[in-house]
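Just so we're on the same page: letters track the sequence lines, and every chain starts at 1. Just so we're clear, the structure is a prediction, and the values are computed from it rather than from any experiment.
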2 protein chains.
Amino acid sequence: MGMSDTEIFKALADPTRRAILERLAGHEMTATDLREGFAITQPAMSQHLAVLRGAGLVSERREGRYAHYRVEPDGFAPLHDWLARYRQFWPSRIDNLKTLLKEMDQ
Amino acid sequence: MGMSDTEIFKALADPTRRAILERLAGHEMTATDLREGFAITQPAMSQHLAVLRGAGLVSERREGRYAHYRVEPDGFAPLHDWLARYRQFWPSRIDNLKTLLKEMDQ
DNA sequence: TCGACTCATAAGTGTGTGCTTATGTGATGG
DNA sequence: CCATCACATAAGCACACACTTATGAGTCGA
C-alpha cells in the first residue's frame with residue numbers, strides 16, 4: 001500500500017489508467033476482461049494494474065489462475081482529503097448545501 | 001487554459017507543485033516570494049508555475065516587473081467532478097452528512 | 001502429463017519530465 | 001542612461017515512464 005499523494009496523482013495522471021478505473025467501477029473484472037476495448041498488450045495492462053494497486057486505488061483477489069480486480073474505495077480518501085483543503089476557495093460551488101446533497105444522493 | 005483531467009493530474013503529481021499551491025492558498029504571491037523556503041532555482045519555479053497555469057490551477061496578475069500568482073478555484077472543478085464519480089463507492093465516509101457539513105464549515 | 005491459458009516480470013527502447021546554467025525581455029531606480 | 005531587478009525562455013542532461021517482445025510461474029482441461 002503506497003497511498004501517498006504523489007503515488008495517487010501519478011497513477012491518475014495516465015488516461016489509460018483512469019479509463020481502467022472507469023471500466024472497473026462497480027463490478028469486479030479479470031485483467032483479460034479489462035483488456036477488451038483497449039488497444040494495449042497484456043503486459044501493459046498488467047503494469048498499469050500494478051501501478052493502480054501500488055497507489056491503493058485497486059485491489060486484487062486471486063482465484064486460480066485468474067486475478068480479479070476491483071476499485072478500492074478507501075484508496076480515494078487521500079485524494080478527497082487533499083482536495084478538501086481547497087474547497088474553501090471555491091466561490092459559489094461548495095457553499096451550496098443542495099449541490100452537496102445532490103452529489104451524495106447519486 | 002488546458003484544464004484537461006490529464007493536465008491537472010500531471011500538474012498535481014509533482015510534490016513541489018503541490019507545495020507551491022499550499023503556500024499560495026489564500027493570498028496572492030510573487031514568484032520570488034514563493035521561492036523562499038524552496039531549494040529551487042528561479043527558472044525551476046517559473047517552469048512549475050507555467051505548468052500550474054497551463055492546468056488552470058493558478059492565474060497570473062502582471063504588475064510592472066512583478067508577476068503575482070494566486071490559486072484559481074475553478075481550476076479544481078474538473079478534479080472534483082472526476083472524483084465525484086467515485087464517491088458512490090465510498091462506504092462509510094461520504095454517506096455521512098456531518099462529515100460533509102464539517103468540511104464545508106472550515 | 002502435457003499443452004493451453006492467465007498473469008507477472010525482465011529487458012530494451014523512445015519519449016517526457018524536472019532540473020540545471022545561460023541568456024533574453026522588460027521594468028525600475030539612482 | 002545604465003546597472004539591477006523580476007521573470008521567462010532556451011538548451012542540455014539525467015532520470016522516470018509507458019510501451020514493446022520475450023520469458024517465467026502457476027493453474028486448468030483433455
Side-chain heavy atoms of B/R70 within contact of B/R61, under 4.5 Å
no
Round to the nearest Å and state the distance from A/E63 atom CD to D/dT27 atom P.
13 Å
With clusters defined by side-chain heavy atoms of hydrophobic residues (ILVMFWY) lying less than 4.5 Å apart, directly or transitively, does B/L21 cluster with B/F38?
yes
Let's see if you get this right: which residues in residues 38-47 of chain A place a heavy atom under 4.0 Å from DNA chain D?
A/T41, A/P43, A/A44, A/Q47
Specify the separation, in whole Å, of atom NZ of B/K10 and atom C1' of D/dA18.
10 Å
Which heavy-atom pair separates A/L83 from B/H80 by the least distance, and what is that distance?
CD2-CA, 3.7 Å
Integer-rounded Å distance: C/dT25 P and B/R62 CZ
14 Å
How long is the span from the CG atom in B/L24 to the CG atom in B/L52, to the nearest 0.5 Å?
8.5 Å
Working to the nearest 0.5 Å, report the span between CD of B/E36 and CG of B/L34.
9.5 Å
From CD (B/E63) to NE2 (B/H68), nearest 0.5 Å:
4.0 Å
Nucleotide C/dA27, atom C1' - distance to NE2 of B/H68 in whole Å:
13 Å
From OH (B/Y69) to CG (B/L49), nearest 0.5 Å
5.0 Å
To the nearest angstrom, the CG-C1' distance between B/D14 and D/dA16 comes to 12 Å
With the threshold set at under 4.0 Å for non-hydrogen atoms, list the residues of residues 16-24 of chain B touching DNA chain D in residue-number order.
none
Mind checking the CD-CD spacing from A/E60 to A/E28? Nearest 0.5 Å is all I need.
10.5 Å
Under 4.0 angstrom, heavy atoms only, what part of the nucleic acid is A/E60 near: base, sugar-phosphate, or nothing?
sugar-phosphate
Tell me: CG of A/L12 to P of D/dA18, nearest whole Å?
12 Å
Minimum heavy-atom separation for B/M45 to B/I40, with atom names?
N-CG2, 3.8 Å
Can you tell me the distance, in whole Å, between the CD atom of A/E36 and the C1' atom of C/dT6?
14 Å
Distance, nearest 0.5 Å, that separates CZ of A/R85 from CZ of B/F76
10.0 Å
Between A/Y69 and C/dT6, is there a side-chain N or O to OP1/OP2 distance below 4.0 Å?
no
Which whole-number value in Å describes the distance from A/L49 CG to D/dC19 P?
12 Å
Protein-nucleotides 3-6 of chain D N/O pairs under 3.5 Å:
residue, atom, partner, partner atom, Å
D/dC5, O2, B/R65, NH1, 3.1
D/dA6, O3', B/R65, O, 3.3

Nearest heavy-atom neighbours spanning B/R17 and B/A11
NE-O, 2.8 Å
